[in-house]
Structure formats: C-alpha cells, structure tokens
Number of protein chains: 2
Amino acid sequence: MDTLTKKQKRILEFIEKYTKDNSYPPTLKDIALKFQITIGTIQDHIFALQRKGYLERKKDKARGFKIIKTTDGIDKPHGVDMGMIPLYGKVAAGEPIFANDNINGYVVFEKNARGHNIHFALEVTGESMIDSGIYDGDIVIVRKQEQADDGDIVIALLDDEATVKKLRRNNIKAYLEASNSKYKAIMNRPFKIIGKVIELRRKYDLLQKQML
Amino acid sequence: MDTLTKKQKRILEFIEKYTKDNSYPPTLKDIALKFQITIGTIQDHIFALQRKGYLERKKDKARGFKIIKTTDGIDKPHGVDMGMIPLYGKVAAGEPIFANDNINGYVVFEKNARGHNIHFALEVTGESMIDSGIYDGDIVIVRKQEQADDGDIVIALLDDEATVKKLRRNNIKAYLEASNSKYKAIMNRPFKIIGKVIELRRKYDLLQKQML
DNA sequence: AAAGTATCCATATATAAATATGGGTAGAAT
DNA sequence: ATTCTACCCATATTTATATATGGATACTTT
C-alpha cells in the first residue's frame with residue numbers, strides 16, 4: 001500500500017473537511033491559500049494523491065475531487081446511500097407526531113438501495129418489549145407503512161398515542177402484544193399501524209467517561 | 001412553509017442525487033442538460049429554491065450549492081460528522097482481526113464531535129449476552145481502547161479469539177462475565193481488552209422472519 | 001554520480017462556470 | 001384588467017478555475 005507523506009496526508013484531510021463543511025469540494029486555489037503555497041505546488045500534491053490511489057478527479061471540472069481512500073488507508077465505500085432521518089419525540093394524545101417542531105434530533109441511517117420509503121426514529125419508553133430485547137431508552141428506526149405481518153414489531157397509534165408492540169394477526173382478528181410477561185395483550189381496542197420497526201439501536205456510555 | 005412546485009422539487013432532488021453520485025454538486029449547465037432546458041431557465045428555478053429556503057449558494061462559486069432543506073420539507077442537519085466504519089468478520093484463532101481483507105462490510109456511524117477515536121463494528125455470535133439484550137446476529141459498534149471500567153461491555157481477546165463479554169473488576173482482579181445464566185464467568189484465563197462496546201444495532205426484516 | 005521523489009516558485013493560457021440582460025407565454029390571484 | 005408567478009428562450013460578459021510550462025532545491029535511492 002502506497003503510504004502518504006505528512007504533507008499529502010494533511011492536504012487529503014483538508015479536502016475531506018472542506019467538503020464536509022461546505023458541501024462542495026475545494027478548488028486548487030482554496031487548498032493553496034490554506035497551506036500558503038502556490039497552485040503549481042498543489043498540482044504536484046494532487047497528482048501524487050492520485051498516483052497513490054487516494055484521490056480521483058475529473059479533468060477540467062471545477063472542484064472535481066472524489067476521495068476514494070481515507071488517510072488511514074481504508075477504502076471509502078461507494079454508492080452507499082446514507083442520510084439523516086428525524087428522531088421524533090413523545091407526543092401527548094391528540095397531537096401530531098410528525099411535526100417539524102417535534103423533531104428531537106437526527107439519526108444517521110443507511111437507506112436500502114431499493115426502497116423509496118420514508119423512515120423515522122423514535123425513542124422507546126417503558127419495559128413492555130423487554131423480552132424481545134428492546135429496552136427503555138433504545139431507539140427504533142421505523143419504516144412508515146400501514147400494513148404489517150404477524151410477528152412484526154410495529155409502531156401503533158392507540159388512543160392517539162404512539163406505542164411499540166408486536167403485531168399479532170390470524171384469520172379472525174389482529175391485535176397487539178407486549179413482550180413482557182407482566183403485560184397482557186391488547187385485544188379489544190382499535191389501533192392503527194403507522195410503521196414497522198426495521199432496526200434497533202442502543203447507545204452505551206452516553207456520558208463519556210474519561211479513559212484512564 | 002413554502003411548498004415546492006413539481007419542477008422545483010425535481011431539480012432539488014437532482015442536485016442531491018448528483019452530489020451523492022459524484023461527490024461534488026452539479027453546475028447550472030449540468031442541471032440544464034439533465035432537464036433539457038437552458039441555463040437561463042435554471043437560474044430562475046435556482047433562485048426560487050433559494051427564495052423558498054431550500055437551497056443556499058455562494059456567489060460566483062462553481063458548483064456552490066448547499067441543500068438546507070430536503071424536498072419533504074425536513075431541515076437538513078448541519079455539522080454532523082458521519083462516516084463509515086468497517087465491519088470485521090470472525091477470525092480463526094491467531095489471525096489478525098484488523099486486516100483489510102477481513103472487512104465484511106461497512107456501517108454508517110455518527111462520530112462524536114470530540115473524540116478522535118477509532119471505531120469498528122463486529123457481528124455478535126452466540127447467546128452468551130442475551131440477558132443484557134444482546135442477541136445472536138446483532139452488530140456492536142466498538143471504540144478501540146485497552147482499558148475499561150467495571151460493568152462495561154467489552155470486546156476481549158481470549159485465546160486469540162474475539163468475544164463480547166461484560167468486564168468485571170474489583171480491587172483484586174479483573175475477569176469476564178457472560179450475561180446468560182447458562183454460562184459461568186471466566187475467572188482464571190488471561191485476556192486482553194481491545195475495545196469497548198458503545199452501541200448496539202439490530203436489523204429486523206432481513207428476509208428471515210424473526211423468532212416468534 | 002545519476003536518477004528519482006517531494007517539495008516549492010512564477011506565469012501564461014484555455015476552459016468551465018456564473019452572472020447579467022432582456023425578452024417571451026400561460027395560468028392563477030387580486 | 002392587472003399583477004404575479006412559474007415557466008421558458010437566447011446571448012454577451014465576467015469571473016473562477018484548471019491546465020500547461022519551465023524552472024528550482026533538498027533528500028533519498030540506485
């Protein structure tokens with residue numbers, strides 16, 4: 001593996017950071033200004049980065065950089081569709097969940113290439129799904145849909161309140177089931193499915209201890 | 001909320017997709033070519049997108065676009081540092097875990113602004129942590145470190161094999177503990193901590209129906 | 001000693017790309 | 001009827017940006 005010099009590494013890092021900050025890559029001149037050297041010199045460095053396989057660029061295209069390997073030598077995965085989905089907060093009964101002012105944060109999420117679905121995230125409260133390994137404080141990622149199969153974990157509206165439960169359905173009827181022996185199934189109340197849980201996330205270590 | 005026309009929406013979506021595909025935003029001409037209309041017209045559309053608060057751009061800068069609200073009207077979070085971390089596969093005893101050819105995939109991950117730590121992901125095999133809500137097939141995200149506190153869930157090397165366990169330590173000694181009553185603690189074997197589990201992920205909906 | 005590589009400079013030129021200007025039509029809103 | 005907005009055209013001009021060229025020094029490798 002072709003390894004980078006310090007200068008090359010710093011330039012590659014700058015391109016990455018600039019792109020992240022501005023949403024578009026730098027020009028040769030931007031880089032030259034940053035490092036207080038001339039464009040001609042930057043040309044040399046860029047050429048080296050290309051030769052060593054860290055950077056690609058399109059001829060004659062402004063800001064036409066594409067990083068293909070990071071400074072630690074790890075290939076950048078390509079064609080991965082990642083984005084942010086909103087994390088909605090709890091809502092009092094009757095209020096709309098999907099309101100812009102009910103967004104408590106965002107969660108990074110890798111979209112399944114195919115689906116053109118809409119996703120969102122919710123924080124789980126309570127212990128009712130503990131036997132399915134879903135704990136209080138966990139975050140679930142949900143695909144919006146109004147139908148689901150027997151056994152799916154779903155977000156349902158019960159009395160205008162969003163809740164996480166397991167969907168049960170047979171030929172006769174559908175109902176919601178908790179995963180905790182202390183709770184009983186919800187058999188005879190109307191509910192509406194608003195999405196299916198497709199992923200679970202649990203963060204440890206929220207207040208980061210200084211490592212000794 | 002200012003809502004977009006169909007054309008404006010399609011153009012905003014194109015800018016987003018082009019940027020994702022190429023790693024740099026399109027020029028006005030790129031957009032004009034795509035929609036088979038002239039640059040002058042694109043100027044109008046871009047101006048409308050700016051006026052309605054979906055798009056920002058820097059004057060006189062090539063490809064100087066920055067999307068600030070997506071087509072569904074959701075604000076784009078800014079300054080979030082997300083990237084991909086490698087998902088390593090299982091290794092036979094004695095083989096190095098962190099080899100480039102042992103990368104089985106990538107996982108999107110939001111970096112904690114501060115930390116300059118190195119992270120990676122591993123798939124959990126076995127039921128030994130089931131009482132901590134960590135199941136076979138789950139993915140753990142790990143921060144590389146060689147120290148950890150009592151109660152932390154860690155990745156440890158035991159006989160050159162990586163395993164997920166809970167770290168126990170008192171004044172006298174440190175040992176590894178499973179979270180499953182069928183397993184007993186590992187008291188008298190040497191081990192080495194290689195990282196601390198900071199996040200858990202579980203994907204549902206992967207073809208196979210989840211157990212019960 | 002010669003060749004290569006990494007670092008740097010200055011400057012000219014070609015091309016990419018944004019901007020400016022002035023015009024047009026159709027339909028909705030006032 | 002008039003104004004506004006969304007949509008479209010053509011073309012000239014300015015500015016941003018990449019590229020080309022030819023040089024230099026210090027250092028390591030051959």
Side-chain angles (χ1 to χ4, degrees), chain A residues 1-19 21-69 71 73, chain B residues 1-19 21-69 71 73:
Chain A
M1 182 182 74
D2 260 320
T3 170
L4 297 183
T5 67
K6 274 181 191 172
K7 200 82 192 220
Q8 289 163 0
K9 190 174 170 188
R10 289 219 300 146
I11 288 174
L12 189 61
E13 277 164 357
F14 174 72
I15 294 174
E16 192 168 14
K17 182 172 189 330
Y18 183 104
T19 306
D21 292 344
N22 296 279
S23 82
Y24 46 82
T27 64
L28 295 180
K29 194 182 175 188
D30 291 330
I31 305 171
L33 277 173
K34 163 75 179 182
F35 291 97
Q36 293 290 304
I37 47 183
T38 63
I39 290 179
T41 306
I42 297 299
Q43 288 178 305
D44 291 341
H45 290 305
I46 295 300
F47 190 74
L49 284 168
Q50 290 179 87
R51 183 171 47 76
K52 292 185 178 179
Y54 287 76
L55 193 63
E56 263 180 14
R57 72 191 308 230
K58 289 281 167 57
K59 186 167 151 52
D60 286 323
K61 293 230 173 230
R63 306 172 190 274
F65 294 114
K66 181 170 210 166
I67 294 175
I68 54 180
K69 206 195 294 186
T71 48
Chain B
M1 179 183 79
D2 261 320
T3 170
L4 297 181
T5 67
K6 275 184 190 172
K7 200 82 193 218
Q8 289 163 0
K9 189 175 170 187
R10 288 218 301 146
I11 288 175
L12 189 61
E13 277 164 356
F14 173 72
I15 294 174
E16 192 168 14
K17 182 170 189 329
Y18 183 105
T19 306
D21 292 344
N22 296 281
S23 81
Y24 46 82
T27 64
L28 295 180
K29 194 181 175 190
D30 291 330
I31 305 171
L33 277 173
K34 163 75 181 181
F35 290 96
Q36 294 290 304
I37 46 185
T38 64
I39 290 180
T41 306
I42 298 297
Q43 288 178 304
D44 291 342
H45 289 305
I46 295 300
F47 190 74
L49 285 168
Q50 287 180 88
R51 183 171 48 76
K52 292 185 178 179
Y54 286 76
L55 193 62
E56 262 181 13
R57 73 191 307 230
K58 289 280 168 57
K59 186 168 152 51
D60 287 323
K61 292 231 173 231
R63 304 173 191 275
F65 295 114
K66 181 171 210 164
I67 294 175
I68 54 180
K69 206 195 294 188
T71 47

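Here is how names work: the chains are called A, B, and so on, in the same order as the sequence lines, proteins then strands, and each is numbered from 1.
To the nearest 0.5 Å, atoms CD (Gln8(B)) and CG (Leu55(B)) are separated by 11.0 Å. Of the inter-residue distances, the one linking Leu49(B) atom CG with Ile67(B) atom CD1 reads 9.0 Å to the nearest 0.5 angstrom. Atom CD1 of residue Ile15(A) and atom CD1 of residue Ile31(A) lie 4.0 Å apart, to the nearest 0.5 angstrom. A distance of 7.5 Å separates CD in Glu16(A) from CD in Glu13(A), rounded to the nearest 0.5 Å. Note that CD1 of Ile46(A) is 6.0 Å distant from CD1 of Ile11(A), once rounded to the nearest 0.5 Å. Rounding to the nearest 0.5 angstrom, the gap separating the CD1 atom in Ile39(B) from the CG atom in Leu33(B) is 8.0 Å.
Rounded to whole Å, atom C1' of dA17(C) lies 15 Å from atom CD1 of Ile15(B). Counting to the nearest Å, the P atom of dA17(C) and the OH atom of Tyr24(A) are 15 Å from each other. Between the C1' atom of dC7(D) and the NZ atom of Lys9(B) lies a distance of 19 Å, rounded to the nearest Å. As a whole-Å value, the separation of Asn22(B) CG from dA17(C) C1' is 16 Å. Atom CD in Gln50(A) sits roughly 12 Å away from atom C1' in dA18(D) (whole-Å rounding). Leu33(B) has its CG atom 12 Å from the P atom of dA18(C), to the nearest Å.
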- For every nucleotide of nucleotides 2-11 of chain C, 5' to 3': is a protein heavy atom under 4.0 Å from its base (B), only from its sugar-phosphate (S), or from neither (-)? ----SBBBB-
- What string of B, S and - do you get for nucleotides 25-30 of chain D, 5' to 3', when a contact is any protein heavy atom under 4.0 Å? ------
- Item | Thr27(B)/Lys61(A) under side-chain contact (heavy atoms from CB on, under 4.5 Å): CA gap, chis, key distance, verdict | CA-CA 10 Å; Thr27(B) 64; Lys61(A) 293 230 173 230; over 6 Å; no
- Message: Run Lys69(A) and Leu12(A) through side-chain contact (heavy atoms from CB on, under 4.5 Å) and show every step you take.
- Response: CA-CA 10 Å; Lys69(A) 206 195 294 186; Leu12(A) 189 61; over 6 Å; no
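Direction of the helix axis in the helix from dA1(C)-dT30(D) to dT30(C)-dA1(D) shifts by 30° between the two five-pair termini, rounded to 10°.
Contacts with DNA chain C (heavy atom under 4.0 Å) in residues 55-63 of chain A: Asp60(A), Lys61(A), Ala62(A), listed by number. Using a 4.0 Å cut-off on heavy atoms, none of the residues of residues 25-32 of chain B approach DNA chain D.
Residue Arg57(A) places its CZ atom among more than 12 non-hydrogen atoms of other residues, nucleotides or ligands, all under 6.0 Å distant. Few gaps surround NZ on Lys52(B); more than 12 heavy atoms of other groups in view lie less than 6.0 Å from it.
Each side-chain hydrogen bond (donor to acceptor under 3.5 Å, both in side chains) pair with one or both residues in residues 41-51 of chain B, not counting sequence neighbours, appears once here: Thr38(B)-Thr41(B).
With sequence neighbours excluded, the residues that form a ring pair (Phe, Tyr, Trp, His ring centres under 6.0 Å) with Phe14(A) are Tyr18(A), Phe35(A). With sequence neighbours excluded, the residues forming a side-chain contact (heavy atoms from CB on, under 4.5 Å) with Asp21(A) are Lys17(A), listed by chain and number. Checked against side chain to side chain donor-acceptor pair (under 3.5 Å), Lys7(A) has no partners two or more places apart in sequence or in another chain. Under the rule for a side chain to side chain donor-acceptor pair (under 3.5 Å), Thr19(B) has no partner lying at least two apart in sequence or in another chain. Scanning for side-chain contact (heavy atoms from CB on, under 4.5 Å) contacts around Lys66(A) gives Glu56(A), Ile68(A), Ser23(B), with sequence neighbours left out.
Scanning both residues, Phe65(A) and Pro25(A), for their nearest heavy atoms gives CD1-CB, 4.0 Å.
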Please produce a list of atom pairs where a protein N or O lies less than 3.5 Å from an N or O of nucleotides 25-30 of chain C.
none

